[in-house]
Protein chains: 2
Amino acid sequence: MPTSENDSPPVYREIAEDVRTAIASGRLSDGDRVPGENDLMKQYGVARATARQALSVLINEGIVVAIRGSGVYVRAFRPLRRHGPRRLSRELWGAGRAIWQADSPDGSFETDSVEVAEVPAPAYVARALGLADEAAVVRRHRRYRLEDRPMQLATSYLPAEFAAGTAIAEPETGPGGIYARLAEQGRAPAHFTEEIRVRMPTPEEAAALHLNAGTPVLDVLRTALTEEHTAVEFNEMTLDGSAYVLQYDFDA
Amino acid sequence: MPTSENDSPPVYREIAEDVRTAIASGRLSDGDRVPGENDLMKQYGVARATARQALSVLINEGIVVAIRGSGVYVRAFRPLRRHGPRRLSRELWGAGRAIWQADSPDGSFETDSVEVAEVPAPAYVARALGLADEAAVVRRHRRYRLEDRPMQLATSYLPAEFAAGTAIAEPETGPGGIYARLAEQGRAPAHFTEEIRVRMPTPEEAAALHLNAGTPVLDVLRTALTEEHTAVEFNEMTLDGSAYVLQYDFDA
DNA sequence: CAGTGGTCTAGACCACAAA
DNA sequence: TTGTGGTCTAGACCACTGC
């Protein structure tokens with residue numbers, strides 16, 4: 001008698017599934033209000049904690065957002081396209097535009113909270129740049145915003161050997177950005193390698209990027225190399241996963 | 001008197017933060033047991049629901065996993081490297097190896113639950129392949145495993161016009177896989193474009209990939225084009241975000 | 001069998017949003 | 001002011017792990 005009544009999913013999952021299919025089927029769409037805690041309690045005859053647990057599933061999946069005092073709403077996904085190879089082409093920074101402007105449809109990216117410092121290289125940075133551990137590097141940290149929405153955090157590391165004391169170590173790097181400055185030194189980046197990981201954000205990142213619960217971030221680690229394959233920059237970027245689509249084109 | 005005691009974070013967040021820093025500082029490392037519900041209740045003098053809420057934060061961040069009847073443990077991250085351009089080079093499938101073998105350090109990938117069918121193309125597939133809406137396509141779905149761990153789901157679409165009735169529409173496509181078959185037809189893939197998105201998995205994907213809570217997935221949408229820029233395959237892949245690092249190399 | 005995490009109830013007080 | 005979501009307590013029963 002005892003245990004043959006097994007494997008029926010818990011109530012809160014079934015409630016979540018009902019709401020999820022209502023969204024997937026289009027019965028509820030972007031920005032629509034979904035049944036709140038009180039609605040679910042009445043409709044399913046469950047306690048408040050159970051209704052909340054059902055909603056928390058959907059919130060952690062990133063498909064709805066809760067707004068205190070107002071309700072729970074279907075979340076939209078309207079990403080920006082970040083084109084790998086094209087955006088780093090010489091034409092862009094050769095013409096006096098900073099590379100990140102290639103992301104933006106209308107060039108309205110803004111940069112924010114810039115911090116420049118000379119520091120000893122962390123181990124993974126030293127490895128990427130081919131330097132000795134703790135070798136001096138210039139670190140540039142900044143945040144990018146588009147129409148007041150924070151989109152990306154970025155931290156660049158360049159060997160202090162050639163970056164210290166130049167415009168690269170200034171908050172404002174001048175037309176074309178650091179790549180143009182490198183080119184003037186005869187260290188123009190010619191090859192790039194990007195490494196992409198996914199994870200959930202730390203609380204600090206969630207705050208800095210204004211992320212909703214259930215939004216993963218993309219880590220993009222880029223190493224820029226000269227024609228002679230000397231590493232000249234290591235850039236560690238953290239992107240709002242709900243804001244970006246990455247694109248890479250290549251040949252067989 | 002009333003409200004000047006504001007903005008202190010809720011208890012459950014502070015507990016979560018304590019555990020998080022214990023992990024970040026290295027006091028707790030991969031696979032270590034972290035304080036469980038009962039431990040936290042005693043240490044912080046909170047109710048069980050509060051201790052659980054603190055743990056649920058960390059679980060949804062993907063940094064710990066809960067094992068029923070046992071405890072809560074620090075989660076490891078040991079990803080596979082998936083190298084974009086290199087893995088699709090002609091050498092690989094020209095030599096009779098399927099491309100996904102490039103992912104695997106020792107070639108021990110296995111394929112699973114293969115489904116082949118001829119279906120009308122969904123709108124986004126038709127667009128990617130340059131076909132009319134609802135045009136007939138061959139759909140190939142499969143799951144990839146490495147040492148019994150499911151790593152990736154993939155669904156390929158090829159125009160039925162040249163794929164139907166060939167080995168491409170069979171579960172076993174022969175040496176070199178579908179790309180070798182395409183090459184024999186004079187439709188060898190020469191250009192690729194990959195589009196990458198991140199999101200939290202659906203419950204079905206979480207089950208199929210054996211994902212822990214708090215693990216995002218990577219969607220990789222690849223279009224393969226011939227030398228003449230005719231689209232011959234559209235491949236929709238869903239990767240376990242905790243299992244992969246993607247790498248792309250390109251030139252300025 | 002004792003201990004763990006998983007689910008669920010029935011309350012409580014709070015901060016915030018919208019009417 | 002009413003209703004919403006956010007936090008928290010104090011219980012309960014269950015399924016599973018590991019000794």
Side-chain angles (χ1 to χ4, degrees), chain A residues 1-19 31-75 203 206-207 212-214, chain B residues 1-19 31-60 62-75 203 206-207 211-214:
Chain A
M1 265 162 239
T3 50
S4 65
E5 181 64 1
N6 52 348
D7 70 64
S8 76
V11 185
Y12 78 92
R13 279 187 197 279
E14 295 197 318
I15 298 176
E17 180 58 24
D18 285 354
V19 178
D32 283 1
R33 190 179 200 285
V34 311
E37 304 179 344
N38 297 333
D39 302 306
L40 295 179
M41 288 169 70
K42 275 176 239 154
Q43 287 176 36
Y44 293 90
V46 295
R48 188 161 173 240
T50 305
R52 280 183 65 76
Q53 198 171 7
L55 289 174
S56 82
V57 169
L58 302 172
I59 290 169
N60 282 317
E61 284 175 355
I63 64 183
V64 303
V65 286
I67 299 180
R68 163 151 46 189
S70 172
V72 182
Y73 301 88
V74 179
R75 186 164 154 194
N212 291 310
Chain B
M1 266 159 242
T3 49
S4 66
E5 180 64 1
N6 53 346
D7 70 63
S8 75
V11 184
Y12 78 93
R13 280 187 196 278
E14 295 197 319
I15 298 175
E17 181 57 25
D18 285 354
V19 178
D32 282 1
R33 188 179 201 286
V34 312
E37 302 179 346
N38 296 334
D39 302 306
L40 295 179
M41 288 169 69
K42 276 176 239 153
Q43 287 177 34
Y44 293 90
V46 295
R48 186 157 175 243
T50 305
R52 281 184 64 77
Q53 198 171 6
L55 290 174
S56 83
V57 168
L58 303 172
I59 290 169
N60 282 317
I63 64 183
V64 303
V65 286
I67 299 181
R68 159 147 56 184
S70 172
V72 182
Y73 301 88
V74 179
R75 186 163 155 194
L211 298 178
N212 291 309

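Each chain gets a letter, A, B and so on, in the order its sequence line appears, and its residues count up from 1.
Per the geometry, CE belonging to B/Met41 stands 14 Å off P belonging to D/dC8, to the nearest Å. Taking atom CD of B/Glu14 as the reference point, atom C1' of D/dC8 lies 14 Å away to the nearest angstrom. In this structure, CG of A/Leu40 is placed 16 Å from C1' of C/dT9, rounded to the nearest angstrom. One atom, CZ of A/Arg48, and another, P of C/dC14, lie 14 Å apart when rounded to the nearest Å. Distance, B/Gln53 CD to C/dG5 C1': 16 Å, rounded to whole Å. Atom-to-atom, CZ of B/Arg33 to C1' of C/dG3 comes out at 9 Å; the value is rounded to the nearest Å. Spacing between atom CG of B/Leu55 and atom C1' of C/dT7 amounts to 15 Å, rounded to whole angstrom units. Atom CD in A/Glu37 sits about 14 Å away from atom P in D/dG3, given to the nearest Å.
Remark: A/Arg52 is in phosphate contact with D/dG6, judged by side-chain N or O atoms under 4.0 Å from OP1 or OP2. Here A/Asn38 does not reach the OP1 or OP2 of D/dG3: none of its side-chain N or O atoms lies under 4.0 Å away. At C/dT7, one or more side-chain N or O atoms of A/Tyr12 fall inside 4.0 Å of OP1 or OP2 (strictly under the cut-off).
Annotation: salt bridge (charged side-chain N to carboxylate O under 4.0 Å, His left out) contacts of B/Arg33 (sequence neighbours excluded): B/Asp39.
Proximity of A/Asn38 to A/Met41: side-chain heavy atoms (C-beta onward) are separated by under 4.5 Å at one or more points. Using a 4.5 Å cut-off on side-chain heavy atoms (C-beta onward), A/Glu61 and B/Pro203 make contact. The shortest distance between side-chain heavy atoms of B/Ile67 and B/Tyr73 falls below 4.5 Å. Residues A/Tyr12 and A/Val57 are in side-chain contact: their nearest non-hydrogen atoms beyond the backbone lie under 4.5 Å apart.
Place B/Pro35 and A/Gly45 on DNA chain C by their nearest nucleotides, and B/Pro35 ends up nearer the 5' end.
Among the nucleotides C/dT9, D/dT4, C/dC8, the one closest to the side chain of A/Val46 is C/dT9. The nucleotide whose nearest atom lies closest to any side-chain atom of A/Arg13 is, among C/dT4, D/dT9, C/dT7, C/dT7.
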Counting only pairs under 3.5 Å, give me each side-chain donor-acceptor contact of residues 44-54 of chain B, with atom names and distances, residues two or more places apart or in other chains.
| unit_1 | atom_1 | unit_2 | atom_2 | d |
| --- | --- | --- | --- | --- |
| B/Tyr44 | OH | B/Asp18 | OD2 | 2.7 |
| B/Arg48 | NE | B/Glu37 | OE1 | 2.8 |
| B/Arg48 | NH2 | B/Glu37 | OE1 | 2.8 |
| B/Arg52 | NH1 | B/Glu37 | OE2 | 2.3 |

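A/Ala66 comes within contact range of the sugar-phosphate backbone alone, with a heavy-atom separation under 4.0 Å but no base atom that close.
Just one of A/Val19, A/Leu55, A/Asp32, A/Val65 meets the side-chain contact (heavy atoms from CB on, under 4.5 Å) condition when paired with A/Val72; it is A/Leu55.
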Every protein N/O within reach of nucleotides 17-19 of chain D N/O, cut-off under 3.5 Å:
| unit_1 | atom_1 | unit_2 | atom_2 | d |
| --- | --- | --- | --- | --- |
| D/dT17 | O4' | B/Gly69 | O | 3.2 |

